[in-house]
Amino acid sequence: PEGREVFEELSVRENLLMGAYIRTDRAGVMKDFEQVYGYFPILAQRRGQWAGTLSGGEQQMLAIARAMMNRPKLLFLDEPSLGLSPLLVREIFEIIQRINGGGVTILLVEQNARMALKISNVGLILENGRFVMKGKSRDLMEDKDVKEFYLGMRSEESAKGYQRWKRKKRWR
């Protein structure tokens with residue numbers, strides 16, 4: 001869920017159990033606790049703590065872990081890096097890669113285009129709600145327009161134009 005929706009007055013463990021609510025295979029659920037604690041060791045340490053007292057990054061981890069408790073084949077993630085420190089962003093993206101490597105297909109909606117393209121196979125770029133580009137992520141990362149408009153990397157040509165504009169502006 002967007003906004004790290006956790007059950008604030010339930011413990012970390014109880015939140016994870018809510019993710020497995022529709023499952024009937026008790027042994028599988030217990031096995032999946034170990035799997036999600038493997039992805040998110042901090043949650044294992046905080047399993048008895050109220051979810052509402054976790055940091056923003058820990059709540060984001062809990063939301064993803066709770067979704068994993070349902071054994072999804074497809075996991076939708078909406079802005080998992082929103083509001084997180086750069087260190088936590090890197091950690092969340094590494095975990096997303098591990099989850100995907102474990103066989104779960106991931107649909108990631110993310111404004112951090114650089115990180116999203118870095119870990120994905122295919123990228124779709126939306127602008128004002130419309131698809132403007134689609135392709136293999138590595139190809140998109142090399143595209144001149146994508147670099148300039150979505151990754152904040154100026155081409156040599158646009159950088160020269162910017163320098164000319166800056167010099168003109170200074171003398172006015």
Checking Gln59 side chain against Leu54 main chain: does a donor-acceptor pair fall under 3.5 Å? yes
Arg47 to Tyr37, cation-pi by 6.0 Å centre distance and 45° axis angle: yes
With the 4.5 Å side-chain cut-off for hydrophobic clustering, are [X] and [Y] part of the same group?
{"X": "Met141", "Y": "Phe131", "value": "no"}
{"X": "Ile95", "Y": "Ile42", "value": "yes"}
{"X": "Leu17", "Y": "Trp50", "value": "no"}
{"X": "Val104", "Y": "Leu62", "value": "yes"}
{"X": "Leu10", "Y": "Val29", "value": "no"}

4.5 Å side-chain heavy-atom contact, [X] and [Y]:
{"X": "Met69", "Y": "Tyr21", "result": "no"}
{"X": "Ile106", "Y": "Leu77", "result": "yes"}
{"X": "Pro72", "Y": "Met68", "result": "yes"}
{"X": "Phe33", "Y": "Arg13", "result": "yes"}
{"X": "Tyr150", "Y": "Val132", "result": "yes"}
{"X": "Lys147", "Y": "Glu142", "result": "yes"}
{"X": "Ser120", "Y": "Leu108", "result": "no"}
{"X": "Ile22", "Y": "Asn70", "result": "yes"}

State, to 0.1 Å, how close [X] and [Y] come at their nearest heavy-atom pair, and which atoms those are.
{"X": "Ala65", "Y": "Leu43", "answer": "CB-CD1, 3.7 Å"}
{"X": "Gln60", "Y": "Pro80", "answer": "NE2-O, 2.8 Å"}
{"X": "Ala51", "Y": "Val6", "answer": "CB-CG2, 3.9 Å"}
{"X": "Arg114", "Y": "Leu151", "answer": "NH2-O, 2.5 Å"}

How long is the span from the [atom1] atom in [X] to the [atom2] atom in [Y], to the nearest 0.5 Å?
{"X": "Phe93", "Y": "Asn112", "atom1": "CZ", "atom2": "CG", "result": "5.0 Å"}
{"X": "Ile96", "Y": "Glu91", "atom1": "CD1", "atom2": "CD", "result": "11.0 Å"}
{"X": "Ile125", "Y": "Glu127", "atom1": "CD1", "atom2": "CD", "result": "9.0 Å"}
{"X": "Arg90", "Y": "Ile119", "atom1": "CZ", "atom2": "CD1", "result": "13.5 Å"}
{"X": "Ile92", "Y": "Ser81", "atom1": "CD1", "atom2": "OG", "result": "9.0 Å"}
{"X": "Asn15", "Y": "Glu9", "atom1": "CG", "atom2": "CD", "result": "11.0 Å"}

Does atom CZ of Arg138 have more than 12 heavy-atom neighbours, drawn from other residues, nucleotides or ligands, at distances under 6.0 Å? no
Please walk me through it: do Glu79 and Glu110 pass side-chain contact (heavy atoms from CB on, under 4.5 Å)? CA-CA 5 Å; Glu79 300 284 350; Glu110 178 61 53; 3.6 Å; yes
Could you walk me through whether Glu14 and Phe7 pass side-chain contact (heavy atoms from CB on, under 4.5 Å), step by step? CA-CA 9 Å; Glu14 290 166 333; Phe7 298 103; over 6 Å; no
Would you please test Met61 and Leu88 for side-chain contact (heavy atoms from CB on, under 4.5 Å) and show each step? CA-CA 10 Å; Met61 292 176 191; Leu88 277 175; 3.7 Å; yes
Using the side-chain contact (heavy atoms from CB on, under 4.5 Å) rule, pick out the option among Val122, Asp145, Leu124, Val146 that qualifies with Leu140. Val146
Any salt bridge linking Asp25 with Lys31? Criterion: basic side-chain nitrogen under 4.0 Å from a carboxylate oxygen. no
Assess whether side-chain contact (heavy atoms from CB on, under 4.5 Å) is satisfied between Asp32 and Arg23, documenting all intermediate values. CA-CA 11 Å; Asp32 288 345; Arg23 291 178 56 187; 2.5 Å; yes
